[in-house]
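Have a look at the structure below, then the notes.
Since this is a predicted model, take the numbers as computed values, not measurements. Quick note on labels: first sequence line is chain A, next is B, and so on, each numbered from 1.
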There are 2 protein chains.
Amino acid sequence: MAEQAQYEQYEELARQLGAVGIVKRGMGRILPPDCPAGSAGVLALLGRHGDMRMSRLAELLSVDLSVTSRHVAHLAARGWLERLPDPADKRSRILRLTPAGVNLLDELYRRTTHLLAERLSDWSDDEVGQLIRLMTRLRASFGECRSTANRHPAPLGPGSQPDPGPVAKTTRTPAST
Amino acid sequence: MAEQAQYEQYEELARQLGAVGIVKRGMGRILPPDCPAGSAGVLALLGRHGDMRMSRLAELLSVDLSVTSRHVAHLAARGWLERLPDPADKRSRILRLTPAGVNLLDELYRRTTHLLAERLSDWSDDEVGQLIRLMTRLRASFGECRSTANRHPAPLGPGSQPDPGPVAKTTRTPAST
DNA sequence: TATTGTTATACTCTATAACTATA
DNA sequence: TATAGTTATAGAGTATAACAATA
């Protein structure tokens with residue numbers, strides 16, 4: 001493909017990525033009170049992968065550990081999950097859904113699928129599958145390297161070539177020492 | 001397809017939608033200072049569709065007019081766009097990119113396509129095209145009806161059937177009167 | 001009276017940094 | 001010294017409501 005055409009394709013992709021916010025906000029509106037989208041994401045991952053540590057959850061969410069901690073605290077305060085001590089490492093905590101959490105997750109599952117079934121009524125199963133496959137791959141293409149992007153982007157500069165910058169391997173705030 | 005399998009597919013789709021945040025944050029990191037993602041979106045739409053009114057822009061962004069107003073004010077304060085009077089309606093304002101705004105947009109375009117070319121180096125053009133097509137359609141399936149969802153979702157309730165609720169046609173906060 | 005756009009306020013999500021307690 | 005997790009703070013994005021100017 002001609003380079004020019006490919007670049008236009010990338011531009012269009014960027015535009016559509018921004019538009020996904022519309023869909024996400026639409027899904028957010030059907031969530032019950034006290035369970036915002038971030039919390040729902042935690043519940044979904046615990047339901048899918050089972051008990052895990054904070055750090056693993058943060059990795060699956062691709063979000064800083066501090067953010068994960070807040071979501072988890074929110075859920076724990078409402079009795080939807082427990083933070084059990086890890087016998088192997090006293091610094092660590094094992095996250096586990098409570099029965100109430102499982103019920104809530106089930107309810108979220110019902111509402112979500114109901115909404116999608118309504119909105120995507122004219123989609124074929126194959127198309128939905130394609131979209132899932134491509135989005136999963138997109139996430140993989142981006143998620144593997146966090147912070148390869150400029151941390152301090154150049155103000156403007158004409159022929160600016162975004163140089164790779166340092167690569168970080170973790171979801172973790174770098175230690176200040 | 002069996003209903004059960006289809007529902008699992010919807011569940012997976014919901015999960016992958018959440019994961020798009022990773023990609024969007026990755027793209028946000030290459031933006032120049034003083035031009036956050038929201039502003040970049042405004043620039044992109046003005047570049048693509050040309051001069052327009054606030055209300056049209058809000059509609060294209062699928063975001064409340066108040067939000068649009070803030071983004072636009074941010075860009076106008078930095079000289080990237082002008083708010084011209086509309087000869088046909090003195091309440092309205094016509095938005096137009098300044099030369100500086102066009103330059104900035106060009107720079108954003110370069111950075112974005114560069115990043116995508118790097119990350120999607122192992123994607124075929126056809127795959128990228130497919131993803132764009134499906135995401136565009138997804139947006140259409142959701143964007144057409146804002147607020148069909150529950151505005152005040154039921155707390156929990158077992159067999160809750162999310163009833164459609166009132167349909168709003170605009171991006172507008174309803175008048176309080 | 002209805003519509004266009006602005007502003008004030010509040011809430012969610014996120015990242016950074018500083019801190020604790022373990023390892 | 002390094003790691004797991006918590007908390008405080010700040011920034012971006014959004015929605016709601018109240019308001020001014022015009023239609």
Side-chain angles (χ1 to χ4, degrees), chain A residues 18 21-22 24-26 28-29 31 33-42 52-59 61-74 76-77 83-95 146-147 151-152 168-177, chain B residues 18 21-22 24-26 28-29 31 33-42 52-59 61-74 76-77 83 85-95 146-147 149 151-152 168-177:
Chain A
I22 301 162
K24 293 179 75 172
R25 286 197 293 281
R29 275 191 277 271
L31 296 176
D34 261 23
C35 183
S39 300
V42 169
M52 68 180 78
R53 310 179 0 157
M54 292 287 306
S55 49
R56 166 119 172 91
L57 179 59
E59 194 184 317
L61 288 170
S62 282
V63 139
D64 193 86
L65 193 52
S66 66
V67 175
T68 309
S69 183
R70 286 179 66 85
H71 290 322
V72 165
H74 179 92
R83 287 178 282 194
L84 308 170
D86 181 347
D89 185 340
K90 285 181 185 164
R91 295 170 303 179
S92 178
R93 307 176 83 169
I94 305 294
L95 306 176
R146 238 177 80 102
S147 343
R151 288 333 275 274
H152 303 289
K169 259 109 183 182
T170 70
T171 317
R172 179 78 198 204
T173 300
S176 50
T177 331
Chain B
I22 301 162
K24 291 180 76 172
R25 287 196 294 280
R29 275 191 278 271
L31 295 176
D34 260 23
C35 183
S39 300
V42 169
M52 67 181 79
R53 309 177 4 156
M54 293 286 307
S55 50
R56 165 116 174 94
L57 179 59
E59 194 184 317
L61 288 170
S62 281
V63 140
D64 192 87
L65 193 52
S66 66
V67 176
T68 309
S69 182
R70 287 178 65 83
H71 290 323
V72 165
H74 179 92
R83 286 179 282 194
D86 181 347
D89 185 340
K90 285 183 186 166
R91 295 171 302 179
S92 178
R93 306 174 84 169
I94 304 293
L95 307 176
R146 240 176 78 100
S147 340
R151 287 333 273 274
H152 301 290
K169 260 112 184 177
T170 70
T171 318
R172 179 77 198 205
T173 299
S176 50
T177 331

Tell me the interatomic distance from A/Met52, atom CE, to D/dG5, atom C1', rounded to whole angstroms. 16 Å
What is the separation between atom NZ on B/Lys24 and atom P on C/dC13, rounded to the nearest whole Å? 14 Å
Roughly how far, to the nearest 0.5 Å, is the NE2 atom of A/His71 from the OG atom of A/Ser66? 9.5 Å
Over how many whole Å does the gap from B/Asp86 atom CG to C/dT4 atom C1' extend? 10 Å
Spacing of A/Arg25 atom CZ relative to C/dC11 atom P, expressed in whole Å: 19 Å
Proximal nucleotide (of D/dG13, D/dA23, C/dT6) relative to the B/Pro36 side chain: D/dG13
Grab the NE2-C1' distance between B/His74 and D/dT14 for me, whole Å please. 16 Å
N/O-N/O pairs, protein side and nucleotides 7-10 of chain D side, under 3.5 Å:
none

OP1 or OP2 of D/dT14 less than 4.0 angstrom from a side-chain nitrogen or oxygen of B/His71, does that happen here? yes
So, is A/Arg93 near the phosphate of D/dA4, with a side-chain N or O under 4.0 Å from OP1 or OP2? no
If you look at every heavy atom in A/Cys35 and A/Ala40, which pair is closest and at what distance? SG-N, 4.0 Å
First locate atom OG of B/Ser69, then atom CZ of B/Arg83, and finally report the distance between them rounded to the nearest 0.5 Å. 6.5 Å
Write down the distance between CZ (A/Arg29) and C1' (C/dT12), rounded to a whole number of angstrom. 14 Å
Closest non-hydrogen atom pair, B/Pro36 against B/His74: CD-NE2, 3.7 Å
Among the nucleotides D/dG5, D/dT3, D/dA15, which one has an atom lying closest to any side-chain atom of B/Val63? D/dA15
Provide, to the nearest angstrom, the distance between the CZ atom belonging to B/Arg53 and the P atom belonging to C/dT6. 12 Å
Counting only side-chain nitrogens and oxygens, does A/Ser55 get under 4.0 Å of the OP1 or OP2 atom of D/dG5? yes
Mind listing the closest non-hydrogen atom pair of B/Arg25 and A/Leu61 along with its distance? NH2-O, 4.2 Å
Nearest non-hydrogen partners of A/Gly18 and B/Lys24, listed with the distance: O-NZ, 3.5 Å
Quick one: label B/Asp89 by what it contacts on the DNA or RNA (base, sugar-phosphate, nothing), any heavy atom closer than 4.0 Å. sugar-phosphate
Atom CZ of A/Arg91 to atom C1' of D/dT3: distance rounded to whole Å? 4 Å
For A/Pro85 and A/Ile94, work out which heavy atoms get closest and say how close. O-CG1, 4.2 Å
